[in-house]
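Down below is the structure, laid out as structure tokens.
Throughout, numbering of the chain's residues begins at 1 and tracks the sequence. From a predicted model like this one, the values you see are computed outputs, not experimental measurements. Atoms within each ligand, like the ligands themselves, are counted from 1 in listed order.
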Amino acid sequence: MKFTKYHGLGNDYIVIHPKELQKELTSRDIIQICHRNYGVGSDGILLGPLPSSTCDFRLRIFNPDGGEAEKSGNGLRIFCRYLFDLGLVKNAPFSVETLGGNVQGQVHGSGEMITVEMGRVSFDSAKIPVRGEQREVLNETMVVDGVELTYCAATVGNPHCVILRDEIAPEDAKRFGPFIETDSRFPNRTNVQFMKVLDRANIQLEIWERGAGYTLASGSSSSAAASVAHKLGLCDNKITVHMPGGTLQITIHDDFMITLTGAVTPVCEGIIYQDVFTQELQRI
Ligand SMILES: N[C@@H](CCC[C@H](N)C(=O)O)C(=O)O
């Protein structure tokens with residue numbers, strides 16, 4: 001099976017063209033391909049371009065745990081670059097259908113920078129979803145591993161839980177992320193961001209991704225966290241998001257419509273051998 005690999009700020013994805021598949025990818029196949037020792041290794045798989053009745057293209061996004069994600073900011077930016085590299089799009093905007101809604105992508109210049117109109121961020125508990133009475137989930141508290149944390153929740157098609165702190169480190173995401181991801185408040189589980197507000201135009205994030213674990217960057221996380229910072233009145237509407245893997249530019253428009261811009265880098269292409277799928281299932 002042929003694949004192409006890209007990364008967006010160290011958030012790496014394997015792109016598989018549907019024509020490469022003789023049968024549906026199973027969760028087991030996805031776990032094996034994404035495994036960093038027993039497979040190719042990646043933060044997820046992008047399956048497309050698939051036919052769409054509402055958009056120019058359709059994309060399916062899979063997490064390394066074998067689950068399917070509704071949306072991915074870096075995944076979408078990488079998919080835009082993949083379409084550009086295949087010659088299927090040029091510099092004009094085009095539309096992509098995802099499980100988390102339709103988005104618009106645009107490739108700039110010769111492909112180094114990609115913009116995605118991510119759709120609208122909502123803080124509504126019913127949409128995210130977060131259990132309990134319907135409300136905007138802002139500045140609530142939870143006790144995790146013995147520590148009280150203040151959080152806001154948001155959706156940009158996929159669920160996010162943003163924790164505001166004066167100082168953040170990778171250890172915060174790695175220690176608290178697994179507990180928050182699977183907390184019973186979040187029936188669909190959640191992505192988790194630890195956010196430090198640097199000034200009115202800059203935030204810093206450490207990220208624990210649902211179904212993937214600690215990652216160096218995330219586009220939907222950046223969209224959600226920047227929206228929380230703006231909603232709380234801590235930042236203006238143009239925000240640079242600093243992550244261990246690099247920076248993304250977020251613009252928050254009226255009604256919390258989000259534009260996301262950043263770099264994508266092609267890594268390699270190759271062939272996945274059948275042996276990857278027939279070996280014992282790797283869960284470590
Ligand atoms: N890396 C992504 C997010 C991928 C999906 C996420 N793990 C989920 O399950 O929602 C991004 O850049 O947004």
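With hydrogens left out, the protein atom closest to atom 3 (C) of ligand 1 is E209 OE1, 3.5 Å, a heavy atom. The nearest heavy-atom contact from the protein to atom 2 (C) of ligand 1 is S72 OG, 3.0 Å.
With a 4.0 Å cut-off on non-hydrogen atoms, A212 does not touch ligand 1 at all. Looking at N191 against ligand 1, only its side chain comes within 4.0 Å, counting heavy atoms. Contacts with ligand 1 closer than 4.0 Å are made by side-chain heavy atoms of Y13 only, the backbone lying farther away.
No side-chain heavy atom of I250 sits under 4.5 Å from any side-chain heavy atom of H230. Between N191 and S218 there is no side-chain heavy-atom pair separated by less than 4.5 Å. Inter-residue side-chain proximity for L83 and F94 is flagged as met; some heavy-atom pair is nearer than 4.5 Å.
Residue N11 has at least one heavy-atom neighbour below 4.0 Å for each of these atoms of ligand 1: 1 (N), 2 (C), 12 (O). Residue S220 has at least one heavy-atom neighbour below 4.0 Å for each of these atoms of ligand 1: 3 (C), 11 (C), 12 (O), 13 (O). Near G219, meaning under 4.0 Å from one of its heavy atoms, ligand 1 places the atoms 11 (C), 12 (O), 13 (O). Set against the non-hydrogen atoms of N63, the atoms of ligand 1 under 4.0 Å away are 5 (C), 6 (C), 7 (N), 8 (C), 9 (O).
For the salt bridge (Lys or Arg N to Asp or Glu O under 4.0 Å) criterion with E70, the lone passing option out of R60, R189, R210 is R210.
In terms of N/O distances under 3.5 Å, ligand 1 is not approached by A217. Polar contact with ligand 1: absent for K71 (N/O pair, distance under 3.5 Å). Considering backbone and side-chain N/O of G73, one or more are found under 3.5 Å from N/O of ligand 1.
Residues D12 and S42 bring no donor and acceptor atom of their side chains to less than 3.5 Å of each other. Using modelled atom types, one finds a donor on one side chain and an acceptor on the other under 3.5 Å when comparing T240 with Q249. Between the side chains of T190 and E181, no donor-acceptor pair is found at a separation under 3.5 Å. No hydrogens or angles considered: nothing links the side chains of E117 and T115 as a donor-acceptor pair under 3.5 Å.
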